[in-house]
Amino acid sequence: FPVTIGIDRRKKGSTFSGASFGFEFLDLVTDGGQDGDFITLAARPGNGKTHIMLNSANSTFDSGMNVMLATFEMPIEQMSRRLIERRTNIGSKRLKFGNFTSFAEKKIREHIRELTDTEKLGRKMILFQGSLATTTTTLAEKVSRVKPDALYVDGAYLLKTSRRSNRAMWETVAEGFEFLKDLALDLKIPVFATYQLNRSGKGKN
């Protein structure tokens, strides 16, 4: 019973055993994302799915785990800025346009140096730029080379299957969903994924 185990461990002052959700309450009641877990976050555009995922990935990395983050919805440069924003509390727009003080610049350089030093010690945060042509096979090959302790897939609904046909969008999404679920079980790692709901349904609930 993961919930009971997690609560007992935290009462004893120990850390949770899985990948962090980035929110203390969720880590407390779930004991973190466990090996084989497939955790999905689905919401309409602009509701903070990527923000929550980055918060989780950052916390998981800081807890000592190797993390791979695949992004399908935004350029890797933008994802990198948002990750640095999480680590420095300096807004991504300020990072984009270079609008920060010398103190802020020093802080950014320190965090980048920290990430570099951490990588030399064997702990990594790997960012992977997906595309509209990226298939499940491509992602599986990349994950097998990186061997992360936790995988995050932002915009998983855009992941393509290797089969080419005139299938409906929902069928492709369903196959991608099953692929990520199987990947978590096969590799025995927690997999987090975001899905966009009702993209064109403006004004609908």
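Owing to the predicted nature of the structure, the values given are computational and were not obtained by experimental measurement.
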### Query
Going from CZ on F61 to CZ on R86, what distance comes out if it is rounded to the nearest 0.5 angstrom?
15.0 Å
### Query
Between E73 and Y157, which heavy-atom pair has the shortest distance, and what is it?
OE2-OH, 2.6 Å
### Message
Is it the case that the side chains of S63 and T60 hold a donor-acceptor pair, with the cut-off being a distance below 3.5 Å and no angle test?
### Response
no
#### Entry: Side-chain touch N66/V146, heavy atoms, less than 4.5 angstrom
no
### Distance-only side-chain donor-acceptor flag, T138 / T135, under 3.5 Å
yes
### Task
Go through F23 and L28 one step at a time and tell me if the side-chain contact (heavy atoms from CB on, under 4.5 Å) criterion holds.
CA-CA 9 Å; F23 298 92; L28 173 65; over 6 Å; no
### Task
Please report the C-alpha distance between E85 and R94 in whole Å, then the side-chain angles of each, then the deciding distance to 0.1 Å, and finally whether the side-chain contact (heavy atoms from CB on, under 4.5 Å) criterion is met.
CA-CA 9 Å; E85 177 184 21; R94 293 176 62 191; over 6 Å; no
### Message
Go through it in stages, so that I can follow the logic: the residues are T50 and M79, the test is side-chain contact (heavy atoms from CB on, under 4.5 Å), and I'd like the CA-CA distance, side-chain angles, deciding distance and then a yes or no.
### Response
CA-CA 9 Å; T50 300; M79 183 65 77; 4.1 Å; yes
### Query
Which atom names give the shortest non-hydrogen contact between Q34 and S17, and what distance separates them?
NE2-OG, 3.2 Å
### Message
I'd like to know if L185 and L139 are part of one continuous hydrophobic network [Ile/Leu/Val/Met/Phe/Trp/Tyr, side-chain heavy atoms within less than 4.5 Å].
### Response
no
### Task
Measure the shortest side-chain to side-chain distance between I76 and F128 over non-hydrogen atoms and say whether it is less than 4.5 angstrom.
no
## Note on the structure
OG of S20 to CG of N55, rounded to nearest 0.5 Å, is 7.5 Å
### Query
Can you find a side-chain donor-acceptor pair between T71 and Q129 that sits under 3.5 Å?
no
### Message
Between the side chains of D154 and K49, is the shortest nitrogen-to-carboxylate-oxygen separation below 4.0 Å, so that they form an ion pair?
### Response
no
### Task
Taking only Lys NZ, Arg NE, NH1 and NH2, and the carboxylate oxygens of Asp or Glu, determine whether R87 and E114 approach each other closer than 4.0 Å.
yes
### Query
Say you draw a straight line from CG of L95 to OG1 of T88; how long is it, rounded to the nearest 0.5 Å?
5.5 Å
### Query
If every non-hydrogen atom of Y195 is compared with every non-hydrogen atom of L180, which pair is closest and at what distance?
OH-CD1, 3.8 Å
#### Entry: Stepwise salt bridge (Lys or Arg N to Asp or Glu O under 4.0 Å) test for E105 and R109
CA-CA 6 Å; E105 180 180 354; R109 291 184 182 278; 3.1 Å; yes
## Note on the structure
Separation between CG (L115) and NZ (K124), nearest 0.5 Å, reads 13.5 Å
### Closest heavy-atom pair and its distance - F38, A193
CE1-CB, 3.8 Å
### Query
V67 and A57: which non-hydrogen atoms are nearest, and at how many Å?
CG2-O, 3.9 Å
### Query
If you measure from CG on L183 to OG on S144, what distance do you get to the nearest 0.5 Å?
9.5 Å
### Query
Got a sec: does the NZ of K107 have more than 12 other heavy atoms crowding it under 6.0 Å?
yes
### Message
For a 4.5 angstrom cut-off between non-hydrogen side-chain atoms, does F72 reach L159?
### Response
yes
### Message
Measuring only between side-chain heavy atoms, which start at C-beta, is D62 closer than 4.5 Å to N58?
### Response
yes
### Message
Out of the candidates L127, D149, I189, V143, only one should pair with M68 under the side chain to side chain contact (heavy atoms under 4.5 Å, CB included) rule; please name it.
### Response
V143
### Query
Would you find a donor on one side and an acceptor on the other, under 3.5 Å apart, between the side chain of S56 and the backbone of I52?
no
### Summary
To the nearest 0.5 Å, atom NE2 of H111 lies from atom CG of L83 at 11.0 Å
### Message
To check you understand the geometry: which heavy-atom pair defines the closest contact between A150 and M65, and what is its length?
### Response
CB-CE, 4.4 Å
### Message
Using side-chain heavy atoms (C-beta onward) and a distance below 4.5 Å, is T194 in contact with T40?
### Response
no
#### Entry: Non-neighbouring partners of Y152 that pass ring pair (Phe, Tyr, Trp, His ring centres under 6.0 Å), sequence neighbours left out
F192
### Query
By side-chain hydrogen bond (donor to acceptor under 3.5 Å, both in side chains), which residues pair with D37, not counting sequence neighbours?
none
